[in-house]
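First up is the structure itself, then whatever we jot down about it.
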Amino acid sequence: MTIFTQQKIKNMKPISRRKFVKDSIKATTAAAMVMPLGLNAEPVVCVDTDHKENSSPFQFAQIPLPYAYTALEPHIDAMTMEIHYTKHHAAYVKNVNDAIAAEKISYENEKDFFANASKLSAKAKNNSGGTWNHNFFWQVMKANGGGAPTGKIGDAINGSFSSFDKFKEEFTKAAMGRFGSGWAWLINDGGKLKIGSTANQDNPMMDTSELKGTPLLALDVWEHAYYLKYQNKRNEYVASWWNLVNWDEVAKRLG
Ligand code: MN
């Protein structure tokens, strides 16, 4: 007996009963089933055209935005947030999952996925990074955030960069110095905090990345993240963004 998960059912192509019967007679390898989707729903006939026993490849998901589109105003405007989340981010999620299906990628989790980034197609690599990076970015921001962190993360930043102001200066430099599209990062590299940037949708968990470590804080410096409000003035976007940093979430990731 084959167990069909919801995801698997979603991926199947509905076909007519007539074709189902015909195909069932013809096909010797295709697994077929009739699955009632709800009490009032008509049964949907599905054929799993590429069935592998016990296969349920890891797929990426878009986290629910932890606040309203307006929440980060005035630093990030509502229209930018809405387009960023519903268009840009959603497209990365769709595209990476399309690539996983089309290329039969079977890593078990995000960590494995990125550890093998060098083996991925450009589509799988760019869109997996785009998915993960934005999920992370939304979480390390909040309304009325910012200020200097206290506790363990405050100590770690002061220890690694001598002062919070110095840290801010270096991080801002990384964000401003990234030519074209990319991200600025604060990472934990084996107990040592480091600042750097990556191009495009690369991240410090990818085996292809020069900057390697556990992400603690990230800033999206793609023009789509700020252009509607700030146009070419990335410096103003970065300066304003400091008011949004969710230090509690950053501290959680320090462990
Ligand atoms: Mn973005």
Side-chain angles (χ1 to χ4, degrees), residues 59-100 110 113-114 117 120-143 145-146 171-187 195-206 208-209 211 214-246 249-250 253:
Q59 291 204 307
F60 283 82
Q62 184 176 30
I63 63 158
L65 197 64
Y67 32 72
Y69 298 132
T70 52
L72 306 185
E73 296 257 16
H75 312 292
I76 298 179
D77 60 288
M79 186 178 276
T80 296
M81 276 306 300
E82 183 169 358
I83 295 171
H84 204 169
Y85 180 80
T86 65
K87 307 293 182 196
H88 294 278
H89 191 195
Y92 296 128
V93 182
K94 182 189 181 298
N95 289 335
V96 69
N97 288 331
D98 285 353
I100 287 170
E110 291 165 336
F113 213 89
F114 294 132
L120 296 173
S121 67
K123 181 176 179 177
K125 183 186 166 203
N126 291 334
N127 289 287
S128 61
T131 298
W132 192 94
N133 296 351
H134 288 87
N135 279 341
F136 183 81
F137 185 47
W138 310 138
Q139 293 175 74
V140 293
M141 296 189 289
K142 66 170 185 177
F171 191 95
T172 299
K173 211 196 286 175
M176 292 305 298
R178 170 48 54 190
F179 183 76
S181 299
W183 293 77
W185 301 92
L186 171 68
I187 60 162
I195 286 168
S197 73
T198 55
N200 304 316
Q201 294 295 356
D202 292 0
N203 69 45
M205 293 171 297
M206 291 182 176
T208 51
S209 179
L211 181 76
T214 304
L216 301 177
L217 177 65
L219 172 57
D220 188 345
V221 295
W222 282 58
E223 284 186 345
H224 70 223
Y226 62 87
Y227 208 84
L228 288 180
K229 183 178 170 74
Y230 297 95
Q231 296 84 48
N232 59 312
K233 293 164 290 211
R234 185 189 286 185
N235 59 327
E236 290 184 12
Y237 159 67
V238 175
S240 201
W241 171 82
W242 285 109
N243 296 299
L244 300 173
V245 176
N246 187 340
E249 287 294 324
V250 178
R253 285 155 178 84

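All ligand and atom numbering here is 1-based and tracks the order in the structure.
Residues N133 and D220 are not in side-chain contact: their nearest non-hydrogen atoms beyond the backbone lie 4.5 Å or more apart.
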* Step by step, work out the side chain to side chain contact (heavy atoms under 4.5 Å, CB included) result for Q231 and Y226. => CA-CA 7 Å; Q231 296 84 48; Y226 62 87; over 6 Å; no
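Considering every non-hydrogen atom in both A175 and L219, the closest pair reads CB-CD2, 4.0 Å.
Excluding water, every protein N/O/S atom under 2.8 Å from the Mn ion (ligand 1) is given here by residue and atom: H84 NE2, H134 NE2, D220 OD2, H224 NE2.
Put simply, CD on E82 and NE2 on H88 are 12.0 Å apart, with the number rounded to the nearest 0.5 Å.
Open room surrounds CE on M79; 12 or fewer heavy atoms of other groups in view lie less than 6.0 Å from it.
Just one of Q139, H84, H89 meets the side-chain hydrogen bond (donor to acceptor under 3.5 Å, both in side chains) condition when paired with H134; it is H84.
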